[in-house]
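Accompanying notes for the structure given below.
The shown structure was predicted, so the numbers you read here are calculated from the model rather than taken from an experiment.
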Amino acid sequence: VAKISIYNSDSAAKVFEVRKLKGATPYLLFTSPVAIAAGLAEVVLDRLVVLDATDETVEVRMTAAVTTTNPVFDSAALDCS
């Protein structure tokens with residue numbers, strides 16, 4: 001993973017975390033220092049994160065509850081191997 005950008009489609013500002021999961025064990029990579037305002041985007045991770053095992057994933061999550069009835073989530077990935 002080379003870059004993660006978040007667009008906050010919720011109706012309130014939110015703080016986001018990016019974690020690398022190795023099995024069920026999380027490793028925090030990034031926490032947004034300030035809340036990302038509603039309707040704005042921010043690049044939150046711009047360094048290379050290598051997933052080199054089948055039990056590794058990247059997770060992005062809000063640190064507070066959703067305030068929009070049906071928030072939209074989009075993701076994209078590129079395999080650079």
Side-chain angles (χ1 to χ4, degrees):
V1 178
K3 179 179 175 180
I4 296 175
S5 179
I6 295 173
Y7 174 78
N8 181 10
S9 62
D10 200 33
S11 59
K14 297 291 180 187
V15 172
F16 291 86
E17 290 181 347
V18 179
R19 304 188 311 172
K20 179 179 179 178
L21 300 177
K22 173 76 172 167
T25 306
Y27 298 93
L28 185 63
L29 299 175
F30 178 86
T31 299
S32 52
V34 295
I36 299 173
L40 293 180
E42 182 175 319
V43 174
V44 296
L45 191 68
D46 60 358
R47 66 176 191 255
L48 188 64
V49 176
V50 177
L51 303 176
D52 57 0
T54 58
D55 65 341
E56 293 182 346
T57 59
V58 172
E59 173 185 76
V60 177
R61 65 189 198 120
M62 291 187 297
T63 60
V66 175
T67 54
T68 301
T69 307
N70 294 307
V72 176
F73 298 94
D74 293 320
S75 64
L78 174 64
D79 182 0
C80 297
S81 59

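Two different hydrophobic clusters hold Y7 and V15 under the rule that ILVMFWY side chains link at heavy-atom gaps under 4.5 Å. In terms of hydrophobic clustering, with Ile, Leu, Val, Met, Phe, Trp and Tyr side chains grouped at heavy-atom distances under 4.5 Å, I6 and L21 are assigned to different clusters.
Residue pairs meeting the salt bridge (Lys or Arg N to Asp or Glu O under 4.0 Å) criterion with at least one partner in residues 20-31, sequence neighbours excluded, are K20-E56, K22-D55, K22-E56.
In the hydrophobic clustering, where aliphatic and aromatic side chains (Ile, Leu, Val, Met, Phe, Trp, Tyr) are joined below 4.5 Å either directly or transitively, V50 groups with L48.
Summarising the geometry of T67 relative to A12, their closest heavy-atom pair is OG1-CB, 3.7 Å, with the distance given to 0.1 Å.
K14 contributes a side-chain N or O that, together with a main-chain N or O of A65, makes up a donor-acceptor pair within less than 3.5 Å.
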Show me the side-chain donor-acceptor pairs of residues 24-39 shorter than 3.5 Å, one per line, residues at least two apart or across chains.
residue : atom : partner : partner atom : Å
S32     : OG   : F16     : N            : 2.9
S32     : OG   : F16     : O            : 3.4
S32     : OG   : V34     : O            : 3.4

